[in-house]
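Naming: A, B, ... by sequence-line order, numbering from 1 per chain.
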2 protein chains.
Amino acid sequence: MSNVQSIERALTILNKLSEYPDGIQIARLTEQVGLTKSTIHRLLSTLVSMNYVVKDEETDKYKLGLQVLFLSRNLLNNSSIVTIAKPYLEKLSQEVNETVHLCIEDHGEVIYIDKIESNQTIRMYSRIGSRAPMYCTGVGKVLLSGAAPEHVDQVISKTDFIPKTPYTITSKEAFLKEIESVKQQGYALDNSENEEVLRCIAAPIYDHKGKIIASFSISGPSNRVTMELINHTLIEKMKQYSIAISRNLGYSGS
Amino acid sequence: MSNVQSIERALTILNKLSEYPDGIQIARLTEQVGLTKSTIHRLLSTLVSMNYVVKDEETDKYKLGLQVLFLSRNLLNNSSIVTIAKPYLEKLSQEVNETVHLCIEDHGEVIYIDKIESNQTIRMYSRIGSRAPMYCTGVGKVLLSGAAPEHVDQVISKTDFIPKTPYTITSKEAFLKEIESVKQQGYALDNSENEEVLRCIAAPIYDHKGKIIASFSISGPSNRVTMELINHTLIEKMKQYSIAISRNLGYSGS
DNA sequence: TTATATGTTCTTTATTATGGAACATCATTC
DNA sequence: GAATGATGTTCCATAATAAAGAACATATAA
């Protein structure tokens with residue numbers, strides 16, 4: 001029941017460090033984490049000794065060590081979704097020449113587990129491992145459209161509907177309605193609801209039981225990914241890929 | 001000076017879990033890690049509460065959680081080597097139609113920080129974040145060829161020269177000689193020294209100070225990556241790419 | 001049913017982590 | 001160049017914390 005304090009603290013520090021790719025000093029960490037210098041120093045020393053953290057001797061800054069990368073090395077390979085979906089997503093990205101993402105839900109958030117970049121010159125910055133809220137992303141809506149009502153309620157109750165753009169859905173009622181319509185349609189849009197200049201279309205991936213276990217999306221600047229293109233081409237394309245990938249996971253529905 | 005015991009133990013468990021992508025039970029972990037059931041249970045509970053570990057309620061198996069992936073999300077993006085080298089490595093991989101790796105040294109080991117797969121049907125299994133010893137890899141030889149003699153000695157003294165194949169270098173003296181000749185040549189081979197069927201050629205990447213900070217390699221089955229191909233084409237090609245990438249990092253040498 | 005293997009919870013104990021203080025190091029300012 | 005301030009590091013007494021055995025719970029197999 002009760003957790004180990006020092007481990008909680010150490011992991012909190014790791015989380016914090018991940019926000020500072022160039023490292024952070026102990027003094028800054030004390031402000032951020034709220035522990036004494038000496039405690040943080042000791043915790044960091046332990047993390048360093050295990051290669052989870054590296055200390056830059058020049059600047060006295062601490063940053064994540066490569067052991068963290070080593071940990072995650074098998075995290076996605078084993079996950080058959082990534083492996084199975086990859087060739088399809090690559091083909092899709094090539095066809096539409098836009099970035100394609102693959103996501104699953106984790107603790108009420110969207111987490112990006114794969115990404116195929118378009119060859120367009122303006123590339124989006126890398127996202128694998130990143131999290132995003134569900135209420136303002138196409139993939140999030142799709143994932144919730146396949147979840148049990150209680151789970152949807154639970155996620156929504158924890159959601160802060162922050163208006164990221166003028167188009168963001170900001171009420172529970174509207175969002176519930178939106179999820180319902182996603183369920184009907186079989187796809188979801190993010191119509192500049194997360195970032196002003198971005199438009200996405202997302203579709204579900206089903207497992208053999210017909211459960212939605214992942215979602216993939218096409219994202220691109222609104223001027224390229226127009227509503228016309230979506231209605232004309234992308235909806236149909238996404239549905240095709242949705243079924244193709246799901247079939248490969250043992251899905252037998254339509 | 002003295003480390004926090006519970007953190008060391010927790011990280012040891014994380015390391016262990018990374019070996020079991022499908023999860024492992026507490027009982028197995030006690031055997032592997034040598035702690036009591038209750039201790040491991042408590043440590044795991046803490047890790048679970050922080051989302052570093054996930055418990056499969058069906059099988060009672062514990063495996064790494066996606067927070068680990070979240071941690072590493074910025075680990076390589078910030079690293080300018082990956083970003084700068086990527087387009088070159090992609091082009092190289094396309095030209096030779098073989099897998100290309102990018103590596104740095106970490107605590108006396110080679111660590112793979114990027115990988116571009118060839119389009120050949122037989123793909124190598126993913127490696128980003130993986131570690132490999134330096135004595136039996138081309139990239140390892142290259143990295144050591146640029147290191148200070150004391151560092152080379154230190155790494156070698158910690159190295160177990162295990163003969164992975166009949167061609168593996170198994171003595172300090174031979175390895176030192178090999179590194180010396182790599183330094184002369186400006187490239188290194190792994191002539192089936194790590195895996196019987198594999199041949200690699202590796203070259204250095206220099207920073208603005210002329211220091212070797214990374215190494216990249218072409219790897220492929222020996223029947224495709226023949227010694228003839230290497231001598232004829234690849235050596236020259238690797239040297240060109242080596243200089244091109246290094247130039248982009250501010251290197252001004254030849 | 002019993003036995004065995006496993007996960008979970010509880011409680012006592014002493015080990016262990018904690019944080020203040022002292023010390024060290026460095027950069028900046030007067 | 002001394003003094004100040006900001007930082008990292010080490011030490012140590014104390015109390016809080018984690019440890020592990022035992023008891024309990026649950027599931028599977030004999």
Side-chain angles (χ1 to χ4, degrees), chain A residues 1-68 78 107, chain B residues 1-68 78 107:
Chain A
M1 204 79 266
S2 73
N3 286 339
V4 180
Q5 186 186 67
S6 56
I7 295 177
E8 276 185 339
R9 290 173 165 184
L11 300 183
T12 303
I13 288 176
L14 285 181
N15 291 345
K16 221 16 144 187
L17 289 182
S18 81
E19 295 174 22
Y20 300 88
D22 298 323
I24 180 174
Q25 294 167 303
I26 289 182
R28 304 291 129 260
L29 267 178
T30 63
E31 300 161 7
Q32 297 272 328
V33 181
L35 296 168
T36 60
K37 266 196 306 183
S38 60
T39 299
I40 291 189
H41 183 265
R42 190 162 22 79
L43 299 177
L44 280 174
S45 298
T46 308
L47 291 167
V48 167
S49 79
M50 298 293 282
N51 201 13
Y52 276 67
V53 168
V54 174
K55 180 184 172 191
D56 185 330
E57 293 292 348
E58 312 246 316
T59 60
D60 275 342
K61 284 183 174 176
Y62 290 82
K63 60 181 171 181
L64 290 180
L66 286 165
Q67 183 63 17
V68 169
N78 74 312
H107 292 78
Chain B
M1 203 79 266
S2 74
N3 286 339
V4 180
Q5 184 185 67
S6 56
I7 296 177
E8 277 186 339
R9 288 173 166 185
L11 299 183
T12 304
I13 288 176
L14 285 181
N15 291 344
K16 222 14 146 188
L17 288 182
S18 81
E19 295 174 23
Y20 300 88
D22 298 324
I24 180 174
Q25 294 168 303
I26 289 183
R28 303 292 130 257
L29 267 178
T30 63
E31 300 161 7
Q32 298 272 327
V33 181
L35 297 168
T36 61
K37 266 196 306 184
S38 59
T39 298
I40 290 188
H41 183 266
R42 191 165 21 79
L43 299 177
L44 279 174
S45 298
T46 308
L47 291 168
V48 167
S49 79
M50 299 290 284
N51 202 14
Y52 275 69
V53 167
V54 173
K55 180 185 171 189
D56 185 329
E57 293 291 349
E58 313 246 316
T59 61
D60 275 342
K61 284 182 176 179
Y62 290 82
K63 59 180 171 182
L64 290 181
L66 286 165
Q67 184 62 17
V68 169
N78 75 313
H107 292 78

Where protein sits on nucleotides 17-30 of chain D, one letter per nucleotide: B base, S sugar-phosphate only, - none, heavy atoms under 4.0 Å:
SSBBB---------
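Rounding to the nearest 0.5 Å places CG of A:Asp56 at 13.5 Å from CD1 of A:Ile24. Between the CG atom of A:Leu35 and the CZ atom of A:Arg42 there is a distance of 9.5 Å, given to the nearest 0.5 Å.
Between the CG atom of A:Leu44 and the C1' atom of C:dT18 there is a distance of 15 Å, given to the nearest Å. Taking atom CD of A:Glu8 as the reference point, atom P of C:dA17 lies 15 Å away to the nearest angstrom. Nucleotide D:dT7 holds its C1' atom 15 Å from the CG atom of A:Asp56, rounded to whole Å. The CD1-P distance, from A:Ile26 to C:dG19, rounds to 14 Å in whole Å. Residue A:Gln25 contributes atom CD, which lies 8 Å from atom C1' of D:dT7 at whole-angstrom precision. Nucleotide D:dT7 holds its P atom 13 Å from the CD1 atom of A:Ile40, rounded to whole Å. Residue A:Arg28 contributes atom CZ, which lies 10 Å from atom P of D:dA6 at whole-angstrom precision.
Checked by atom type and distance alone, the side chain of B:Ser6 never pairs as donor or acceptor with a backbone atom of A:Ile7 at under 3.5 Å.
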Worked check of side chain to side chain contact (heavy atoms under 4.5 Å, CB included) between A:Arg9 and A:Val33:
CA-CA 9 Å; A:Arg9 290 173 165 184; A:Val33 181; over 6 Å; no
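At the phosphate of D:dG8, neither OP1 nor OP2 sits under 4.0 Å from any side-chain N or O atom of A:His41. Between B:Tyr62 and C:dT6, a side-chain N or O to OP1/OP2 separation shorter than 4.0 Å is absent.
Nearest heavy-atom pair, B:Tyr62 versus B:Ile26, reported as atom, atom and distance to 0.1 Å: CE1-CG1, 3.6 Å.
B:Thr12 has its side chain within reach of A:Met50: a pair of non-hydrogen atoms, C-beta onward, lies under 4.5 Å apart.
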